[in-house]
Amino acid sequence: MKKKVLVTGGTGYIGSHTVVELMNAGFTPIIVDNLSNSNISVLEGIKKITGIEPIFENIDCKDYIALDRFFEKYQGIEAIINFAASKAVGESVEKPLLYYRNNLMSLVNLLELMPKHGINNIVFSSSCTVYGQPDVLPVTEQSPIKPATSPYGSTKQMSETIIADTVYAYSNLKAILLRYFNPIGAHPSGEIGELPNGIPNNLLPYVTQTARGLREKLRVFGDDYNTEDGSCIRDFINVVDLAKAHVVAVKRMLENKSEKPVEIFNLGTGRGVSVFELVSAFEKATGVKVPFEVAPRRDGDIEKVWADTSYANEVLGWKAQETLENTLRSAWNWEQKLMSRDGNS
Ligand code: UD1
């Protein structure tokens, strides 16, 4: 019998790629999503890649009763991967309560329902945002948590605390917190990828939309940082590599390999790449020019951050594999697919 894994937010960007990797690894993922920031057509993309019809329930994880009924219907779920959350930093500053409600209520509901339905394992989507600007680079999992610079960041920190407290209180529960660096790219098939809502906030979707001609030019936020070329530095991690880490994490818990009830892993490549470097790597990988201008620094941006991945490599047994070039090509391939689907509007 295939093991069932609940994937909340499973039609979203990272969620959908994880659903594919779970299927490839012989699990039965069950998607719960309220489609607030994703599209039902993602299910077709998943089916095209895997040949498997995904199980999907349109449920809002803030709805405790609906979630309780869901667990009654799908008995025997062995693990939860919780992606269901809002993630736009700027929006979180304007609508903090939306973020606290969405991100925390969903998590609390899941954690409350886990013991009730005999589910012991949860993987949580956290972020390198919890480190703020680290004092030492590359950043390890032991680095101090810095005050959050946005309500979005606060929800990630609070969620980590809520999970740790809950696992402490219920002896059967186990959790793995995955701190993502900057996920980019799309599935190599071009069947699933990121679907930004409106004008993208994140760098690579803005780059691909500019390359496509949908945006006039990229604005590089700041060229006067204390870095070699003056632009910010990030650790860009391929989304399929990232998705695979979730499968490894689920297996680790199901095979009782966790060394502690709550484990934390950085998911990055270990390599820092500047904004300018990313743009020129994109141009080189795709042969497409990206017009850009330098703009003032963006409020709340961290100057530089990249991961120390040795703990994830050695203990989790996962390592990012894909090259930056292939990752950038996959993002461009996906953008072209969207262009042929939607036209250039
Ligand atoms: C942001 C969040 C992070 C969140 C992640 C995923 C902050 C401090 N961090 O990461 O918590 O997990 O998004 O949603 O907000 N850039 C440009 N021009 C653009 C867009 C971005 O120059 O049009 C630059 C930014 O200034 C930054 C880099 O590109 O230096 C990466 O930006 P972005 O993709 O938004 O990710 P983060 O800010 O690192």
Side-chain angles (χ1 to χ4, degrees), residues 1-33 38 40-59 61 70-84 110 113-114 117-125 172-178 180 183 185-193 237-259 263 265 267 312-322 326-327 330:
M1 256 261 291
K2 289 186 172 184
K3 295 188 168 159
K4 292 182 208 154
V5 178
L6 165 59
V7 184
T8 73
T11 51
Y13 174 42
I14 305 170
S16 57
H17 289 82
T18 301
V19 166
V20 167
E21 295 310 317
L22 284 166
M23 287 173 167
N24 288 343
F27 288 93
T28 297
I30 302 167
I31 301 172
V32 161
D33 205 303
S38 60
I40 192 81
S41 64
V42 168
L43 300 178
E44 282 161 43
I46 294 171
K47 189 175 174 196
K48 278 194 185 143
I49 297 169
T50 61
I52 303 169
E53 185 98 49
I55 304 170
F56 170 74
E57 293 282 347
N58 187 337
I59 292 172
C61 293
F70 164 84
F71 285 119
E72 292 291 348
K73 179 171 169 188
Y74 295 92
Q75 306 266 330
I77 289 173
E78 303 207 26
I80 298 173
I81 307 179
N82 182 29
F83 292 107
L110 286 169
L113 287 164
M114 283 173 71
H117 295 277
I119 304 165
N120 293 327
N121 306 299
I122 183 162
V123 177
F124 178 71
S125 302
N172 290 330
L173 287 192
K174 270 185 292 183
I176 293 185
L177 314 180
L178 298 176
Y180 313 153
H187 196 270
S189 64
E191 296 296 346
I192 54 172
I237 164 89
N238 178 281
V239 67
V240 175
D241 276 339
L242 189 72
K244 288 178 179 164
H246 295 76
V247 179
V248 177
V250 165
K251 283 188 181 161
R252 181 176 175 81
M253 291 194 292
L254 296 185
E255 291 165 10
N256 287 314
K257 288 188 181 151
S258 301
E259 292 169 3
E263 292 186 313
F265 297 103
L267 297 185
N313 298 163
E314 286 152 28
V315 177
L316 187 61
W318 165 91
K319 197 173 191 327
Q321 303 287 347
E322 197 49 275
N326 280 343
T327 305
S330 73

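All heavy atoms count here, side chains included; hydrogens, waters and symmetry mates do not.
- Between Lys48 atom NZ and Ile192 atom CD1 the span is 12.0 Å, to the nearest 0.5 Å.
- Nearest heavy-atom pair across Pro183 and Ile14 is CG-CD1, 3.8 Å.
- Remark: side-chain polar atoms of Asn238 are not paired, donor with acceptor, to backbone N or O of Glu322 under 3.5 angstrom.
- When every heavy atom of Gly10 is checked against every heavy atom of Asp33, the shortest pair comes out as N-OD2, 3.3 Å.
- Remark: Glu21 CD to Ile49 CD1 distance equals 8.5 Å, nearest 0.5 Å.
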Any chance you could lay out the side-chain contact (heavy atoms from CB on, under 4.5 Å) test for Asn121 and Leu254, step after step, and finish with the verdict? CA-CA 8 Å; Asn121 306 299; Leu254 296 185; 3.4 Å; yes
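- Aromatic pair His17/Phe83: ring centres not closer than 6.0 Å.
- Minimum interatomic distance between Val239 and Gly185 (heavy atoms only, all atoms of both residues): CG1-O, 3.5 Å.
- At distances below 3.5 Å, at least one donor-acceptor pair connects side-chain atoms of Trp318 with backbone N or O atoms of Asp241.
- Taking the side chain as every heavy atom from C-beta outward, Ile46 and Met23 approach each other to under 4.5 Å.
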Chi angles and distances behind the side-chain contact (heavy atoms from CB on, under 4.5 Å) call for Val123, Met253: CA-CA 9 Å; Val123 177; Met253 291 194 292; 3.4 Å; yes
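- The shortest side-chain heavy-atom distance between Asn120 and Met114 does not fall under the 4.5 Å cut-off.
- Taken from OH in Tyr180 to CG in Leu267, the straight-line distance is 7.0 Å, to the nearest 0.5 Å.
- Within a 6.0 Å sphere centred on NZ of Lys47, other residues, nucleotides and ligands contribute 12 heavy atoms or fewer.
- Ile30 has its side chain out of reach of Val7: every pair of non-hydrogen atoms, C-beta onward, lies at least 4.5 Å apart.
- Of all non-hydrogen atoms in Leu178 and Ala249, the two that sit nearest each other are CD1-CB, 4.5 Å.
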Stepwise side-chain contact (heavy atoms from CB on, under 4.5 Å) check, Leu110 with Leu6: CA-CA 11 Å; Leu110 286 169; Leu6 165 59; 4.1 Å; yes
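- Here the side chains of Lys319 and Gln321 are in contact, with some heavy-atom distance below 4.5 Å.
- Side-chain contact between Thr28 and Ile55 is present, with heavy atoms from C-beta onward closer than 4.5 Å.
- Using a 4.5 Å heavy-atom cutoff, the side chains of Phe124 and Ile176 are not in contact.
- Across Pro54 and Leu43, no two heavy atoms sit closer than the pair CG-O, 3.7 Å.
- One N or O on the side chain of His187 and one on the backbone of Ser189 form a donor-acceptor pair closer than 3.5 Å.
- Partners of Lys257 by salt bridge (Lys or Arg N to Asp or Glu O under 4.0 Å), not counting sequence neighbours, listed by chain and number: Glu255.
- Residues passing the salt bridge (Lys or Arg N to Asp or Glu O under 4.0 Å) test with Lys251, sequence neighbours excluded: none.
- In summary, the side chains of Lys174 and Asn256 do present a donor paired with an acceptor at a separation below 3.5 Å, with no hydrogens or angles considered.
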Would Glu263 and Leu177 count as a side-chain contact (heavy atoms from CB on, under 4.5 Å) here? Give the steps. CA-CA 6 Å; Glu263 292 186 313; Leu177 314 180; over 6 Å; no
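- How far CD of Glu191 is from OG of Ser16: 11.5 Å, rounded to the nearest 0.5 Å.
- Side-chain atoms of Arg252 come within 3.5 Å of backbone N or O of Val315 as a donor-acceptor pair.
- Looking only at side-chain heavy atoms (C-beta outward), Thr50 and Asn24 come within less than 4.5 Å of each other.
- Taking all atoms of both residues into account, the shortest heavy-atom contact from Tyr13 to Gly193 is CD1-C, 3.7 Å.
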Identify every side-chain donor-acceptor pair in residues 74-82 under 3.5 Å, counting partners at least two apart or on other chains, and give the distances.
from  : atom 1 : to    : atom 2 : distance (Å)
Tyr74 : OH     : Glu57 : OE2    : 2.5
Gln75 : NE2    : Glu72 : O      : 2.8
Asn82 : OD1    : Thr8  : OG1    : 2.6
Asn82 : OD1    : Ala84 : N      : 3.3

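- Here the side chains of Ile40 and Phe56 are in contact, with some heavy-atom distance below 4.5 Å.
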